[in-house]
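One structure coming up, written as structure tokens, with questions to follow.
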There are 2 protein chains.
Amino acid sequence: MRVLKYAILGLLDQRELTGYDMKKHFEDSLGQFWSAKHSQIYPELKRLTEEGFIEFDIHIQGKKLEKKVYQITDAGKRELHEWLRKKGPIPDTTKDEFMLKTFFISSMDQKEAVGLFSHQLQERTKKVEMLEQKLNILTEEDPSAQSLHSTQFGHYLVLTRAIEREKGYVRWLQKTLEVIDSSIV
Amino acid sequence: MRVLKYAILGLLDQRELTGYDMKKHFEDSLGQFWSAKHSQIYPELKRLTEEGFIEFDIHIQGKKLEKKVYQITDAGKRELHEWLRKKGPIPDTTKDEFMLKTFFISSMDQKEAVGLFSHQLQERTKKVEMLEQKLNILTEEDPSAQSLHSTQFGHYLVLTRAIEREKGYVRWLQKTLEVIDSSIV
DNA sequence: GGTCCCATGTAAACCGTTACATGATTAC
DNA sequence: GTAATCATGTAACGGTTTACATGGGACC
């Protein structure tokens, strides 16, 4: 399916970037919904260049450090738009190891289950706080990010979606913990 | 990380199963959070048998059809419990191709965005209905499923989590569609 | 001079999907 | 009899992670 291909084309449709810059994007907000290691990015950049969807210029940083700054080509833009328009089916499975453990809750004793759920609740709560901080920074730096015509609108949507996803998880964890906790052995 | 290994051990800790039975579980409620094709299941069963975590008996169906009915061993139970107790970090990324497209919304025109979001809303709404039907069947067949000591509690939790996950997605899609739709070009 | 970050690559191993392949049983 | 489902396997391919490998720049 080569989703990474489209992730790269999409990023380059916004501005020119090095492979290293892309890696940074995958570690930031975008990383909530897609990411790749540099060991996957660099070969994909090579392939996309060979296919004519992207091109690069070499920039010199300091004295000798060569970096490849990539741009999207017209063919690349056509390829990107074809993917953007395509209405795919929603996936049957969204893998979640914690929910797999939850499915096997009858193999745990009550104390183990409480420990597991409490820990998950803690981690997810921390994540909500981290994401809300990111959203605050974004809306302070660019208050127009919330409107469709801002270049930051995608960034804003991804953050709000991630926050609500995590908050929903937290609410469900709290509700479930109450049921587990109040069931006397 | 071999999560499939633990998925199989967890299923076998509930009752003895064939590889084919496991495949069916991955197509049912459990499949909301974990799944595998039969081409991945059968080699994993072979490996787990060699490692001594599971064993099988051959049952004859009808005249000649041989099926391998697997059971978990004591070593397998220890292995399963070690995994169940372990409090892993939550993943940084949950891959979602639709949200990747959303991040690139500034590369779309308004009409394209509305089409994409409407379609996603439709699909997710259908999924909520499907999941609610499954939950209804479960609670009608076994009203005790909602309590910790039911063997169906894991099943119940997975379904309620999946429903709330999809409902949260639907609410966010509706809210976002309104913003997109009301932004006059 | 040292540490952290910038910057790019390859190789091996692992995980997962699609395709190839076969045959029995059940229900109509 | 025939279609759907039960039942099990392998092979090839593609995507992803971990590890190996190297070197420059910026800041203290």
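Here is how names work: the chains are called A, B, and so on, in the same order as the sequence lines, proteins then strands, and each is numbered from 1. As the structure is a computational prediction, the values presented were derived from the model and not from experiment.
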Find the distance B:Ile58:CD1 to D:dA7:P and express it as a whole number of Å.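 The answer, rounded to whole Å, is 14 Å.
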Spacing of A:Phe56 atom CZ relative to C:dT8 atom C1', expressed in whole Å: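 Value for this atom pair: 12 Å.
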Take A:His38 and B:Lys64, find for each the nucleotide of DNA chain C with the closest heavy atom, and name the residue whose nucleotide sits nearer the 5' end.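 The residue closer to the strand's 5' end, by nearest nucleotide, is A:His38.
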Which part of the nucleic acid does B:Lys68 contact within heavy-atom distance under 4.0 Å: base, sugar-phosphate only, or nothing?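 The residue B:Lys68 makes sugar-phosphate contact but no base contact.
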Examine B:Phe98 together with B:Phe117 and report whether their ring centres are nearer than 6.0 Å.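 Between B:Phe117 and B:Phe98, which both carry aromatic rings, the centre distance is below 6.0 Å.
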Assuming nearest nucleotide by heavy-atom distance, tell me which of B:Lys23 and A:Met1 is located more 5' along DNA chain D.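 Between the two, 5'-proximity favours B:Lys23.
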Rounded to the nearest Å, what distance is computed from the CZ atom of residue B:Arg2 to the C1' atom of nucleotide C:dA13?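 After rounding, the gap between these two atoms is 14 Å.
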So what does A:Gln61 touch, heavy atoms closer than 4.0 Å: a base, only the sugar-phosphate, or nothing?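 Sugar-phosphate, no base atom in range.
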C:dA24 C1' sits how many Å from B:His59 NE2, rounded?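 Interatomic distance, NE2 of B:His59 to C1' of C:dA24: 17 Å.
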What nucleotide among D:dA7, C:dA7, D:dG9 has an atom nearest to a side-chain atom of B:Lys67?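 Of all the options, the side chain of B:Lys67 is nearest to D:dA7.
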Carboxylate-amine/guanidinium contact B:Glu97 A:Lys86, below 4.0 Å: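 No salt bridge links B:Glu97 with A:Lys86.
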Examine D:dT5: is either OP1 or OP2 under 4.0 Å from a nitrogen or oxygen in the side chain of B:Lys24? Give yes or no.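 No, outside the criterion.
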How would you label the contact of A:Lys95 with the nucleic acid (heavy atoms, under 4.0 Å): base, sugar-phosphate, or nothing?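 Sugar-phosphate: the residue A:Lys95, judged by heavy atoms under 4.0 Å, touches backbone atoms but no base.
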Regarding B:Arg78 and the six-membered ring of B:Phe53, is the cationic atom NZ or CZ under 6.0 Å from the ring centre and inside 45° of its axis?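 No, B:Arg78 does not sit over the ring of B:Phe53.
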Under 4.0 Å between a Lys/Arg side-chain N and an Asp/Glu carboxylate O for B:Lys175 and A:Glu164?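 Yes, this pair counts.
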Is A:Lys37 near enough to D:dT17 that one of its side-chain N or O atoms lies under 4.0 angstrom from OP1 or OP2?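 For D:dT17, OP1/OP2 do not have a side-chain N/O of A:Lys37 under 4.0 Å.
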With a 3.5 Å cut-off and heavy atoms only, can you find an N or O donor on one side and an acceptor on the other between the side chain of A:Ser39 and the base of D:dT16?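 Such a pair does not exist between side chain and base.
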How close or far is atom C1' of D:dA11 from atom OH of B:Tyr42, stated in whole angstroms?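 Whole-Å distance recorded here is 17 Å.
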Atom CD1 of A:Ile8 and atom C1' of D:dG15: how far apart are they, to the nearest Å?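 Checked: the CD1 to C1' distance equals 13 Å.
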Let me spell it out: for each of A:Leu4 and B:Gln40, pick the nucleotide of DNA chain D with the closest heavy atom. Which residue's pick is nearer the 5' end?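 Looking at the nearest nucleotide for each, B:Gln40 comes out on the 5' side.
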I need the CH2-C1' distance between B:Trp34 and C:dT17, as an integer number of Å.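 These atoms are roughly 15 Å apart.
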Presence of salt bridge, B:Lys101 and B:Glu112, under 4.0 angstrom: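 The answer is no: the pair does not qualify as a salt bridge.
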In whole angstroms, how far is the C1' atom of C:dC15 from the CD atom of B:Glu44?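 Distance check: B:Glu44 CD to C:dC15 C1' gives 10 Å.
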From the set C:dC6, C:dA24, C:dA19, return the single nucleotide nearest to any side-chain atom of A:Tyr20.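 So the nucleotide nearest the side chain must be C:dC6.
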